[in-house]
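In what follows, a single structure is set out as structure tokens and then discussed.
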Number of protein chains: 2
Amino acid sequence: MLHRGVIRPNNVQKKGAIIAGVEAELVKHIRATGGLSRIELAKVLTLSPSTIGVYVDRLLHEGYLVEGDRKVPCGAGRPRTTIALNPNAGQFVGVDFHAKEILAVSVDFAQNIVKQASRPVRRGERAAKVIQSVVDIVDEVVPSDRKLLLGIGIGSPGPVDLEHGTAVEYRYIRDFNDVPIVKPVMRRFNAPVYIENTANAMALAELWFGQGRDLNSFVSLWIRSGIGAGIIINRQLYSGLADGAGEIGAWRCPLYKAAPDGKLERRDETTLCDLQEIASVRAICDTLPGRWSTDRLIRAYRKQDPAAREVVNAAAGSLAWAIAQLTFCLAPERVVLAGPLADLGDDFASFLATTTAACMAPTRLHVPPVAMSTLGPFSGALGAAALVVDRWKPAR
Amino acid sequence: MLHRGVIRPNNVQKKGAIIAGVEAELVKHIRATGGLSRIELAKVLTLSPSTIGVYVDRLLHEGYLVEGDRKVPCGAGRPRTTIALNPNAGQFVGVDFHAKEILAVSVDFAQNIVKQASRPVRRGERAAKVIQSVVDIVDEVVPSDRKLLLGIGIGSPGPVDLEHGTAVEYRYIRDFNDVPIVKPVMRRFNAPVYIENTANAMALAELWFGQGRDLNSFVSLWIRSGIGAGIIINRQLYSGLADGAGEIGAWRCPLYKAAPDGKLERRDETTLCDLQEIASVRAICDTLPGRWSTDRLIRAYRKQDPAAREVVNAAAGSLAWAIAQLTFCLAPERVVLAGPLADLGDDFASFLATTTAACMAPTRLHVPPVAMSTLGPFSGALGAAALVVDRWKPAR
DNA sequence: CCCAGTTATTACGAGCTCGGAATAATACCT
DNA sequence: AGGTATTATTCCGAGCTCGTAATAACTGGG
């Protein structure tokens, strides 16, 4: 009878690419839910069950999907046969680096972690050396059967140039300006390679692996040496003009100080300060007297160390302010906090939630749930892997 | 050979609805550009020229489109025949109201203005009365041949409940709480009726009639009794959870004062204030001594009245701060300022642009062009009409 | 245990969309 | 002015997707 739902994505098409696009969409839905029957797929993709049957059969035959054995009985009638991802269909690789460490991870097609690897970066190491290490460490997690390698994602701290595949700048590694990364990695491993700034990649990680699996639109806050927001709208990353969206580390925001009882007040200063100079992990550690590593900070906070509590809570004040501003602007379904601070524990989570609600109290607007990422220390690398997951299409 | 680009919008389908959706998309592209040939349509919609031919012929035959006579010679070869909208295919109606005035407009299918009407709202008038006036004034602009009426859009100041078609609240009209609007208008005119808050509707007006015609993603700032941002992403309105996005009037922001020479400084206060208590037209007028109407303010500013300049420029400082924050977050391609302040003239525009650039100067991020809306005093009503334009589909 | 009721999946004919070829309409060159 | 190159649009056979109908696989009740 008749066909075509709606217009394709604006780019090219050509035979195979079209149906590969639909198949990618189909796989994404299965990925987001963990398993769907043909009939459910037909519903969400608004294609007829007959057509879905054709697509699923093909993907089944090509080994991307498997028929789950658990038949789901939903009331009376023939139970639906769940279709799931075939873990053996391939592996996604992600790598994440910053001034102190490089981390890599490989994930199978059903998004189970296969291998992890990490390596410290020495103080003052130069960009070229770091990139070399990145390549080496990717080599450690790449599947031995190279045919299984579906692609490599790279999360770079700071802005990136998507067109040229370079990292534009990152002030905490020497010589780190306009560094070409995509090209060397692609040459070495001969697979698709994608780059994004880590904050955006993290949003995709939450979308595919984490707290955003069930949501259409949310924001993730990535906090480490800087602060960036990854914005997901309709299950797509919104990165703005020239990949510039989410740079809320540059927001000018008020400063808070925490009394020992945990209450917050504005510091009596006129000056507003860049959010990332107040509330990034780096800024927090720099505020404390002496040498504080991220791990030490987390441990101290969890052990109720008063100095750590005071400084972190003050930062939380500014973060809450930022979350409130973000909510006024975007009304996301959820805000996910990712990065080392996500490990601060329930105390911190509820403090942040309360403070955010307080910031929004004068208005009647809906306060979004603030969730802590549970992706753990390799979350950055998972974010990078999610880049590949997000762009994967079946070969045609 | 093969078909279907990509998945349909998530809602329903059924035969006619599918192809109506594609046709609506086709008409939107013509609307945005003002005229396209079949071959260009094929390119942007990623359908084959053959298929486009079928669609265009049908819409031509049904009277929605006309073949332009100007054949565009683009180098050598057969010139393309431009397809344009048929102005006589129907009319869109929009109505906008606030505490002081109700404005309505009708627009033909090729988006030329047909009729305008307005009526003042008396001080202290109650909600029920205002709604009655809204209906009356819509009646003045509705096409006499009711078959031409394609739909009515309503822009409501403040939050709306899309599901029930009610205005949730607006503090500057008495009794204005949970007012049902859609139903009475629909009953009276027997046509599709849509409601949105005016800020969001304005964004659609800029998208279809104004400064956003050539853009994919931008933000429009609507400033009158409050301040709201309308966010367009990929030529779609993003309205967030529960239609809550863009409420940046609630942003806490720093206060400025303007020296007579136009220079800005922070006012030496710790307190942050809601943006709309500083920079809305209402707030500006309230700041000035005596009774100031919007018109008086605009005239005084344009005549270089020092008091008006000082107050408006101080507000511009906060606005520039807000635009900067917005840009850090969303990196829009453009920021459009809509509402009465858009008529302040070039002086104000360049002052605002300069100040915004100054706010963003510490970073290397791209400063977006700030444009003034040119839609004029009926811009709110046009925004409401744009609601209908945006949702129009051919009958099938 | 069999049967009716319910829901998921597959089979099949019809029509819509596609790619490629044919045709139309112009510019530019000689 | 006529021929050639170039580009837009239409024509046509092939195949993909759709709706309908048939079939499969269960639940629950007598």
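Throughout, protein chains are lettered first and strands after them, A, B, ... in sequence-line order, and every chain is numbered starting at 1.
Comparing C:dA8, D:dT9, D:dC12 against the side chain of A:Ile39 picks out C:dA8 as the nearest. Checked against C:dT9, D:dC18, D:dT9, the side chain of B:Arg80 finds its nearest nucleotide in D:dT9. Comparing atom distances between the B:Thr81 side chain and each of C:dA25, C:dC18, D:dT9 picks out D:dT9 as nearest. In the set C:dT10, C:dT7, D:dT10, the nucleotide with an atom closest to the side chain of A:Arg78 is C:dT7. With D:dC26, D:dT20, C:dC18 as the candidates, the nucleotide lying closest to the side chain of A:Ser50 is D:dT20. Looking at the side chain of A:Pro49, the nearest of the listed nucleotides D:dC18, C:dT10, C:dC18 is C:dT10.
As a whole-Å value, the separation of B:Ile52 CD1 from C:dC16 P is 16 Å. Computed from coordinates, the B:Asp57 CG to D:dC11 P distance equals 9 Å when rounded to whole Å. Atom CZ of B:Arg58 and atom P of C:dG15 are 15 Å apart (whole Å). What separates CD1 of A:Ile83 from C1' of C:dT9 is a distance of 10 Å, to the nearest Å. The separation between B:Leu47 atom CG and D:dC16 atom P is 18 Å, rounded to whole Å. Per the geometry, CG belonging to B:Leu41 stands 15 Å off P belonging to C:dT17, to the nearest Å. Put simply, CG on B:Leu45 is 10 Å from P on C:dC18, counting in whole angstrom units. Rounded to an integer number of Å, the gap from CZ of A:Arg38 to P of D:dT23 is 19 Å.
Close to D:dT17, at under 4.0 Å from its OP1 or OP2, lies no side-chain N or O of A:Thr51. Within the 4.0 Å cut-off from OP1 or OP2 of C:dT17, at least one side-chain nitrogen or oxygen of B:Tyr55 is found.
For A:Ala110, the side-chain contact (heavy atoms from CB on, under 4.5 Å) partners are A:Leu85, A:Pro87, A:Asp108, A:Asn112, not counting sequence neighbours. Residues passing the side-chain contact (heavy atoms from CB on, under 4.5 Å) test with B:Ile39 are B:Ser37, B:Pro49, B:Arg80, sequence neighbours excluded. With sequence neighbours left out, B:Ser106 forms a side-chain hydrogen bond (donor to acceptor under 3.5 Å, both in side chains) with no residue at all. In this structure, the side-chain contact (heavy atoms from CB on, under 4.5 Å) partners of A:Ala84, at least two apart in sequence or on a different chain, are A:Val66. Under the side-chain contact (heavy atoms from CB on, under 4.5 Å) criterion, A:Val388 pairs with A:Phe92, A:Tyr194, not counting sequence neighbours.
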If you apply the rule side-chain hydrogen bond (donor to acceptor under 3.5 Å, both in side chains), what do you find for A:Ser373 with A:Glu206, and how did you get there? CA-CA 8 Å; A:Ser373 172; A:Glu206 296 298 336; 2.7 Å; yes
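Under the 4.0 Å criterion applied to side-chain N and carboxylate O atoms, A:Asp57 and A:Arg38 are assigned as salt-bridge partners.
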Taking N or O atoms only and anything under 3.5 Å, show me the protein contacts with nucleotides 3-5 of chain D, one pair per line.
none

